[in-house]
Number of protein chains: 2
Amino acid sequence: MDDHDNCKIETALEILVGKWKPIILYQLFTNGTLRFSELQKSIPGITKKMLTAQLRELEYHDIVHRKVYLQIPPKVEYSITEYGQGITPLIQSISEWGQSHVKHLAEIYGDDRILKKTVEVQD
Amino acid sequence: MDDHDNCKIETALEILVGKWKPIILYQLFTNGTLRFSELQKSIPGITKKMLTAQLRELEYHDIVHRKVYLQIPPKVEYSITEYGQGITPLIQSISEWGQSHVKHLAEIYGDDRILKKTVEVQD
DNA sequence: CGGGATCCGCATAGATACTG
DNA sequence: CAGTATCTATGCGGATCCCG
């Protein structure tokens with residue numbers, strides 16, 4: 001780690017972060033190509049505004065490709081770029097660490113988040 | 001990637017994310033142990049409130065250890081836990097990808113962020 | 001010294017309506 | 001259909017004050 005690694009990390013994080021980006025990427029990775037409306041339907045709760053904004057950022061970073069069909073009604077398809085495929089190892093690393101970390105937390109605090117859910121329902 | 005990998009990713013990201021966490025971790029990784037006030041001085045612009053909040057989250061996740069000396073005036077030292085050491089490969093991965101990605105962006109859009117800096121200084 | 005409590009401002013997300 | 005424009009709301013970060 002040299003002195004400027006932090007900003008690089010933050011740059012990388014920008015791409016994954018934002019309430020919706022991980023799940024957008026997940027949808028595109030697993031489904032290949034999706035229309036705007038399909039994407040929206042597959043992500044409950046997201047608004048057009050947010051979806052558009054997040055997709056634009058991902059597009060800027062060359063992770064997502066935007067293909068516009070000039071027709072009425074319009075049709076726009078989104079997919080992972082070739083360069084974007086290259087983040088899979090990274091996502092894999094993060095995901096794996098995340099999984100083991102969840103287990104670690106369970107070991108420390110006990111697995112009472114399940115109980116918590118039950119309690120919440122009781123109300 | 002199974003159906004619930006997203007939440008795991010988000011769990012993992014929670015730890016790195018937040019305006020100040022990367023640099024807090026950086027300080028602790030490079031300096032070993034730091035007092036609250038030393039940490040604050042090493043991170044220009046951060047408020048006590050934020051520093052406290054971020055440290056508490058990191059502590060909850062067992063990444064950072066908080067050692068309190070019961071004395072007047074108080075003294076509190078922070079360090080990376082043994083478990084916390086385990087995130088280095090993850091940080092490494094993210095950092096490396098971040099670096100190569102910055103280069104990729106430079107290739108696509110041209111390297112005009114350096115020029116931008118120059119312009120900013122001109123003022 | 002190392003915080004906690006409180007108040008405030010701004011950015012950002014959400015909701016709604018409109019458009020090519 | 002795939003957005004944009006506009007308005008509103010809320011939640012987070014910053015500033016300030018206080019306390020053991």
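Below, read A as the first sequence line, B as the second, and so on, with proteins coming before strands; counting in each chain starts at 1. Because only heavy atoms are used, hydrogens play no part in the values below, and waters and symmetry mates are left out as well, while side chains stay in.
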Check whether any side-chain nitrogen or oxygen of [X] sits under 4.0 Å from OP1 or OP2 of [N], and answer yes or no.
X: Arg35(A); N: dA2(D); result: yes
X: Arg56(A); N: dG3(D); result: yes
X: Tyr78(A); N: dG3(D); result: yes
X: Lys19(A); N: dG14(C); result: yes
X: Trp20(B); N: dC12(D); result: no

Is Glu38(A) salt-bridged to Lys41(A), cutoff N-O under 4.0 Å?
-> no

Provide the full list of salt bridge (Lys or Arg N to Asp or Glu O under 4.0 Å) pairs with a residue in residues 77-106 of chain B, sequence neighbours left out, each pair given once.
-> Lys75(B)-Glu77(B)

Looking at [X] and [Y], would you say the former's side chain and the latter's main chain have a donor-acceptor pair under 3.5 Å?
X: Thr11(B); Y: Gly98(A); result: no
X: Lys21(A); Y: Glu14(A); result: yes
X: Tyr78(A); Y: Glu59(A); result: no

Residues in residues 67-77 of chain B with a heavy atom under 4.0 Å of DNA chain D, by number, are Pro74(B)

Looking at DNA chain D, which of residues 42-55 of chain A put a heavy atom within less than 4.0 Å of it?
-> Lys48(A), Lys49(A), Thr52(A)

